[in-house]
Amino acid sequence: MNKQTQIKPRLLKGFRDYMPPELLARRSVIERAARVFESFGFQPIDTPALEYSDVLTGKYGEEGDKLLYRFRDNGDRDVSLRYDLTVPLARVVAMHRPVMPFKRYQVAPVWRAEKPAKGRFREFLQFDIDVVGAAPPVADAEVVIAGISALRAIGIEDFKVRLNHRGLLNAVLRSFGVSDTLQEDVIRSLDKLEKAGVDAVTEMIAKTTGSVTQAGELTRMVAGMPGTAELSQLVKLDADGQDSLDELQGVMGLCRAAGMGDYIRFDLSIARGLDYYTGVVFETQLLSMPRFGSVMSGGRYDGLIGMFMGEMVPAVGISIGIDRLVNALEEAGLLKSHDIPVEVEVLAMGKDMLEPAFAVATIVRDAGYSCEIYTGFHRKLKAQLSFSAKKGVKFCVILGPDEVSQGNVVLRDMINGSQQVVRLDMLGRVLGGGNG
RNA sequence: GUGAGUAUAGCUCAAUUGGUCAGAGCACCGGGUUGUGGUCCCGGGGGUUGAGGGUUCAAGUCCCUCUACUCACCCCA
């Protein structure tokens, strides 16, 4: 090929190829999670990658809108790649009006034009479950419990789901005299507590509110990680705040009743950036690998679906970051070998043995084994066997001139190195016996 | 988006103060064994040293730009 016309192979930043080991690992993670969710009564759906832009914009906050992959299609329509699976679900509910409560799961790629970093990609797989049309605390508890169960089924135990409540957080800030316009800034600062520490966060909040003493009290209170009961003694909540607290306590109580108490924790510093959350919110960190960020998070969004239809439809959901989990499992050495080796390799020792090889392959597959014909029939038997061994096949069926002329094949056990000459018409029976 | 660092064969890494420095191991291919693997021995292919400029008699080695990756901030799945 001409060097000038050769195209440099390259990949967009934040996008990845998935080679067999990784893809198989990912698939196994997905299957385990799906099985768990189905056991909770969730049903699968799928939606298009591309949506009209106005379906997506205005749901994620100012920053979120900027991260949309947005463009004009060939028909000059303003379209965007989906940013998450929750907003498309809201659209689906408004268009299809499923029987409520509607419990669905969806595993699909989403796209965000963020700067890639560790565990952060521009195209990544989310696994979402949501309950639409159900009030707290039952549905909230159910998605959290299902999420925890899924993580455990995947082989992850070392995590904590931190829960909070948007309404509660707002009420707490009100009681500290933080005006509505400043709340967002303050929340953002509180979110940094774990990394930045009390002093730094106090300073940040003082800068936005102007009151050092208030900032200090608030920060120390949040940093003290009070329990929900403790909180109501520390802070004078208004009616809204008390309702929110009751709701959160209800959800956490149900989680404990389900035996998930060890995996959850109330954390007033959890805020979540997405605009559409209205109630309980949660975020999950791997305790030994916090660098991966949140691996499972979500919350209640009672207003979102109403944006697509005349009535309010309450909903709550959770997103699992499949890619992060696969990466974390790999880093922790918890990924088992996910090769799916072919069980039987048919080796033809020359072009003349090719037709018999195809006949043999059919017999082997009919006997219940996965089987392929080695394509390098021109290569020496040594190379063919070497290749087969590397692939980890259990048996090789060898076809040479002698065997073919006599109606035989050589069946070689690649594990122990023994082999026998088998009559072609007996091969199916010999294999069938061996494979149960 | 901001700051710092890294960038040599498919992979992991070498190459004194800029001067045979373009290498090793693994992987791959071939031979030793004219029809038999996972060991061993021998040999081979493969890199315009991320890209593009510049300094110099001479640059992988110094300078600039770009790109990619890593880490922190930010944000989150």
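Here is how names work: the chains are called A, B, and so on, in the same order as the sequence lines, proteins then strands, and each is numbered from 1.
Among the protein residues, A:Gln384 comes within range of no part of the nucleic acid, since none of its heavy atoms lies under 4.0 Å from any strand. In this structure, A:Asp323 reaches neither bases nor backbone, as no heavy-atom distance under 4.0 Å exists between it and the strands shown. Using a 4.0 Å heavy-atom cutoff across all strands shown, A:Met296 reaches sugar-phosphate atoms only and no base atom. Counting any heavy atom pair closer than 4.0 Å across all strands shown, A:Phe127 reaches no nucleic acid atom. Within 4.0 Å of A:Ile415, counting heavy atoms only, lies at least one base atom of the nucleic acid.
Pairing partner, B:rC71: B:rG3, with both Watson-Crick or wobble hydrogen-bond distances short of 3.5 Å. As the counterpart of B:rA51, B:rU65 is assigned, both hydrogen-bonding distances of the Watson-Crick or G-U wobble pattern falling under 3.5 Å. The partner of B:rG43 is B:rC29, judged by Watson-Crick or G-U wobble contacts that both fall below 3.5 Å. In this structure, B:rA9 forms no base pair with any nucleotide, since neither Watson-Crick nor G-U wobble geometry is met with both distances under 3.5 Å.
Spacing between B:rG45 and B:rG31 at atom C1', rounded to whole Å, works out to 14 Å. On the C1' atoms, B:rU49 is 13 Å away from B:rA14, given to the nearest whole Å. Here the separation of B:rC76 from B:rG1, taken at their C1' atoms, is 15 Å to the nearest Å. Between the C1' atoms of B:rU70 and B:rU17, the separation comes to 30 Å (whole Å). The same atom, C1', is picked in B:rG60 and in B:rG50; the two are 12 Å apart, to the nearest Å. Annotation: B:rA59 and B:rA22 have their C1' atoms spaced 13 Å apart (nearest Å). For the C1' atom pair drawn from B:rU55 and B:rC64, the interatomic distance equals 11 Å after rounding to whole Å. Comparing the same atom, C1', in B:rC13 and in B:rG52 gives a spacing of 27 Å after rounding to whole Å.
For A:Arg120 against B:rC75, a side-chain N or O and a base N or O form a donor-acceptor pair under 3.5 Å. The base of B:rC76 sits with one of its N or O atoms less than 3.5 Å from a complementary donor or acceptor on the side chain of A:Arg324. One donor-acceptor pair, N or O on each side, does fall under 3.5 Å between the base of B:rG35 and the side chain of A:Glu403. If you check distances only, the side chain of A:Lys380 never reaches the base of B:rG31 with a donor-acceptor pair under 3.5 Å.
As rounded to whole Å, 16 Å separates atom P of B:rU2 from atom CD of A:Glu114. Note: CG (A:Leu193) to P (B:rC75) measures 13 Å, nearest angstrom. When the C1' atom of B:rC28 is taken as reference, atom NZ of A:Lys391 falls 16 Å away, rounded to whole Å. The distance between atom NZ of A:Lys394 and atom P of B:rG38, rounded to the nearest whole Å, is 21 Å. When rounded to the nearest whole Å, the span between CG of A:Leu381 and C1' of B:rG32 equals 17 Å. Atom CZ in A:Arg122 sits about 17 Å away from atom P in B:rA77, given to the nearest Å. Remark: C1' of B:rU36 and CG of A:Leu399 are 14 Å apart, rounded to the nearest angstrom. For A:Asp17 and B:rC69, the CG to P distance is 13 Å, given to the nearest whole Å.
For A:Phe15 and A:Phe121, the gap between ring centers reaches or exceeds 6.0 Å.
For B:rC74, the OP1/OP2 oxygens have no side-chain nitrogen or oxygen of A:Arg188 closer than 4.0 Å. Contact annotation: A:Ser297 side-chain N/O to B:rA77 OP1/OP2 distance is under 4.0 Å.
Annotation: of the two residues near RNA chain B, A:Ile398 and A:Lys115, the 5′-most nearest-nucleotide partner is A:Lys115. Of the residues near RNA chain B, A:Lys390 and A:Asn416, the one whose nearest nucleotide (by heavy atom distance) lies more toward the 5' end is A:Lys390.
Between the side chains of A:Ser319 and A:Asp128, a donor-acceptor pair is found at a separation under 3.5 Å. A donor atom on one side chain and an acceptor atom on the other are not found under 3.5 Å apart for A:Thr57 and A:Asp65. Looking at A:Tyr69 and A:Arg112, their side chains never bring a donor and an acceptor atom within 3.5 Å of each other. Remark: the A:Gln106 side chain and the A:Asp46 side chain contain an N/O donor-acceptor pair separated by less than 3.5 Å. Checking A:Tyr277 against A:Arg300 by side-chain atom types alone, no donor-acceptor pair falls below 3.5 Å. If you check the side chains of A:Asp130 and A:Tyr105, you find no donor sitting under 3.5 Å from an acceptor.
Distance from the side chain of A:Lys382 is smallest for B:rU36 among the nucleotides B:rU36, B:rC76, B:rA68. Counting only heavy atoms from C-beta on, A:Val410 has its side chain closest to B:rU36 among B:rA68, B:rU36, B:rG37. Nearest to the side-chain atoms of A:Pro401 among the listed nucleotides B:rG35, B:rC29, B:rG32 stands B:rG35. Each of B:rA68, B:rU36, B:rA77 was ranked by its minimum atom distance to the side chain of A:Phe121; first place goes to B:rA77. For A:Arg379, the listed nucleotide lying nearest its side chain is B:rG30; candidates were B:rU36, B:rG35, B:rG30.
An aromatic stacking contact links A:Phe124 with the base of B:rA77, defined here by ring centres under 5.5 Å apart and ring planes under 30° from parallel.
Note that A:Lys59 lies outside the cation-pi zone of A:Tyr276, set by a 6.0 Å cut-off to the ring centre and a 45° limit from the axis.
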